[in-house]
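Here the structure comes first, spelled out in structure tokens, and everything after it is commentary.
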Amino acid sequence: MMAPMKKLVVSKFGGTSMNDAKTMALCAQVAHQKQSSVVVVSATSGTTNQLLELGLACVQGDNEKIKSLISTIESRHKKIASDLGLSSSRLAILDQLLQELQSLAQGIQLLKDNSARNSDALVSLGERLSSVLFTEALTQKYLNEKSPLIVELLDARKLIKTDHHFGRARPKLSEIEKLCEANLKPRLGSTVFVTQGFIGSTIENQTTTLGRGGSDFSAALFAEGLGADTLEIWTDVAGIATTDPRICKTARMLSEISFTEASELATFGAKVLHPATLMPAQRKNIPVFVGSSFNPEQAGTWVKKSVDSSPLVRALALRKNQSLVTLTTPQMWQSSGFLFQIFQVFHDHKISVDAVTTSEISVAMTLDSTETLSTEVIQKLSEFAEVQVEKNLSLISLIGNNINHTAGLAEKAFSSLPGVNIRMICQGASRHNFCFLVSDSVSQEVIQNLHHQFIDSQ
Ligand code: ADP
Ligand code: ASP
Ligand code: MG
């Protein structure tokens, strides 16, 4: 009788899971138990932020800060290496990477050039360092279990090919698939790969990154490229909850959620998944499991194409630090092409717009605060209309099913928010999302009230 085919599992462990030698060992146990073939890891928690800070300190020539950041990063990783008992060959790789960190910082300082391209090269070191350490942790696990499988460190940049949009590069899907097919797939029977999330490279091998929180996306790209059976996202919470458990004490874990709902949830602020993660999974119909690397036995959440229930409101999302840009001009009245002109400006400057509403002579749209509304952009927009920018706003989203065809939803939502100024409402385009803007200062309370109104009572 033929042995049953082993399921192909790609798993990803986030920053908090990569915190120290102890958490790395826990993750290694999970990866081994789940028989993951490709393990994608984030940088150790907080390191990406420190590397970004380092880039800034380098252009500012702040020598003290540069020294202290480099030494913090160095000692943190060396301590984990020593706690894990890193092999001499991996120690040599780690030292080389730490040397590269010094050189890149020096280069950025000398050239006073912390461009997105240089910054990507610098921040890539976060994942490159953690993955060396995790390879050790996983190797030890496999050796202890006397497994015939070999654990190998893989440079994700060889497979995750992207465009040249440094800082938020877009993957070249067919390229990635071809490379995974040719270089990884034939070796999966004998090798377990540990690789980096978040990073990729251009066709000319310049290092790129996929945007903050992008390791989930990397794992999904590997899963798609390999046609995996399951993608597992291991993080610091036991799944996707009805809302961020840090905001609402009564938030509860969902056992399942559809691809569409989870994509809306991630796009509209739930940090638990990078917004682009579910697209590759959806394209290949790969079920995604989200669970806690600290409590892997807890049930977790399955994200799938079809799910058993379709509640009106499944979850709530909060996206803070939004800007509302309102453009007003009488010329818009009964004219054509006005919206085209405006969106051309955003397109030219690679600015992503989230929610949009229009009236007869004005159009309002929300942008994430990470989008740079430079004076040049504002000037360009001012050629068409009067521009008003309001900051410190939060986008609140109710995510569920049949939302745009259910009477009384808005009434139920707003009746639980007396006295809250609603700056903008977006509804109608999606069956799965109803969202509105409020001030950042009341946003958490708004989520708590809505949770009470729609979810606690279910
Ligand atoms: P990782 O480093 O593992 O990628 P993240 O910090 O990026 O982890 O994402 C996990 C965090 O997402 C949780 O600690 C939680 O606070 C937050 N989060 C926001 N919304 C949700 C939600 N609906 N369900 C679960 N976690 C959420
Ligand atoms: N290390 C990267 C970040 O902090 C990517 C990730 O963790 O997903 O944004
Ligand atoms: Mg994350």
Side-chain angles (χ1 to χ4, degrees), residues 11-19 23-24 26-27 30 40-53 73 119-120 122-131 134 156 160 167-169 195-200 208-221 232-255 257 261-277 290-296 298 300-301 303 313-320 370 396-400 443-444 447 450-451 455:
S11 36
K12 174 258 170 178
F13 293 89
T16 25
S17 308
M18 289 292 112
N19 191 48
T23 59
M24 283 194 191
L26 268 180
C27 296
V30 176
V40 177
V41 298
S42 287
T44 51
S45 58
T47 299
T48 306
N49 285 344
Q50 286 168 352
L51 288 164
L52 287 166
E53 253 185 86
I73 295 169
S119 173
D120 274 359
L122 185 67
V123 295
S124 75
L125 281 156
E127 269 69 11
R128 289 164 64 207
L129 285 163
S130 65
S131 56
F134 189 70
I160 304 294
R168 208 195 287 162
T195 192
Q196 309 81 26
F198 185 48
I199 68 172
T208 53
T209 63
L210 304 176
R212 292 307 307 270
S215 295
D216 304 325
F217 188 26
S218 302
L221 291 168
E232 298 178 346
I233 306 284
W234 295 97
T235 180
D236 59 356
V237 280
I240 301 180
T242 47
T243 195
D244 189 343
R246 285 189 217 181
I247 297 176
C248 184
K249 287 200 170 61
T250 54
R252 56 172 193 265
M253 290 301 159
L254 296 163
S255 56
I257 182 169
E261 290 169 276
S263 287
E264 291 276 354
L265 195 59
T267 304
F268 284 86
K271 198 183 163 217
V272 64
L273 287 179
H274 179 278
T277 311
V290 183
S292 160
S293 60
F294 302 104
N295 293 298
Q298 283 191 22
T301 304
V303 189
V313 178
R314 174 120 44 202
L316 305 170
L318 165 61
R319 203 163 146 176
K320 282 194 163 196
T370 52
I396 306 279
S397 301
L398 285 81
I399 315 281
S443 61
Q444 300 211 2
I447 289 284
L450 289 173
H451 199 273
I455 294 172

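Here, residue 1 is the first one in the sequence, and each next residue gets the next number. Ligands are counted one by one from 1 in listed order, and the atoms in each one are counted from 1 as well.
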Task: Side chain to side chain, L273 and I240, heavy atoms closer than 4.5 Å - done: yes
TODO: Could you check if a side-chain atom of V290 sits within less than 4.5 angstrom of a side-chain atom of V272, using non-hydrogen atoms only?
DONE: yes
Task: Donor-acceptor under 3.5 Å (N19 side chain, S45 main chain) - done: no
- [ ] Determine yes or no for a side-chain-to-main-chain donor-acceptor pair under 3.5 angstrom, with S293 supplying the side chain and C27 the backbone.
- [x] no
Task: Verdict with supporting geometry, S131 and Q196, side chain to side chain donor-acceptor pair (under 3.5 Å) - done: CA-CA 6 Å; S131 56; Q196 309 81 26; 3.1 Å; yes
Ligand-protein N/O pairs under 3.5 Å (ligand 2):
unit_1   : atom_1 : unit_2 : atom_2 : d
ligand 2 : 1 (N)  : T48    : OG1    : 2.7
ligand 2 : 1 (N)  : E127   : OE2    : 2.6
ligand 2 : 4 (O)  : T48    : OG1    : 3.4
ligand 2 : 4 (O)  : R212   : NH2    : 2.9
ligand 2 : 7 (O)  : S42    : OG     : 3.1
ligand 2 : 8 (O)  : G213   : O      : 3.4
ligand 2 : 8 (O)  : G214   : N      : 3.4
ligand 2 : 8 (O)  : S215   : N      : 3.0
ligand 2 : 8 (O)  : S215   : OG     : 3.1
ligand 2 : 9 (O)  : R212   : NE     : 2.7
ligand 2 : 9 (O)  : R212   : NH2    : 3.4
ligand 2 : 9 (O)  : G213   : N      : 2.8

Contacts table for ligand 1: protein N or O within a distance under 3.5 Å of ligand N or O, distances only.
unit_1   : atom_1 : unit_2 : atom_2 : d
ligand 1 : 2 (O)  : G15    : N      : 3.1
ligand 1 : 3 (O)  : T235   : OG1    : 2.7
ligand 1 : 4 (O)  : K12    : NZ     : 3.0
ligand 1 : 6 (O)  : K271   : NZ     : 3.0
ligand 1 : 8 (O)  : T235   : OG1    : 3.1
ligand 1 : 12 (O) : V272   : N      : 3.3
ligand 1 : 14 (O) : D236   : OD1    : 2.9
ligand 1 : 14 (O) : D236   : OD2    : 3.3
ligand 1 : 14 (O) : R246   : NH2    : 2.8
ligand 1 : 16 (O) : D244   : OD1    : 2.8
ligand 1 : 16 (O) : R246   : NE     : 2.8
ligand 1 : 23 (N) : A241   : O      : 3.0
ligand 1 : 24 (N) : A241   : N      : 2.8

Open item on the list: Testing the basics here: between A43 and S130, what is the closest heavy-atom pair and its distance to 0.1 Å?
Closed with: CA-OG, 3.6 Å
- [ ] Kindly assign one of parallel, tilted or perpendicular to the pair F217 and H274, based on the angle between their ring planes and the thresholds 30° and 60°.
- [x] parallel
TODO: Can you measure from NZ (K320) to OG (S443) and round to the nearest 0.5 angstrom?
DONE: 4.0 Å
- [ ] Before giving the answer on salt bridge (charged side-chain N to carboxylate O under 4.0 Å, His left out), spell out for K12 and D216 the whole-Å C-alpha distance, their side-chain angles and the decisive distance to 0.1 Å.
- [x] CA-CA 7 Å; K12 174 258 170 178; D216 304 325; 2.6 Å; yes
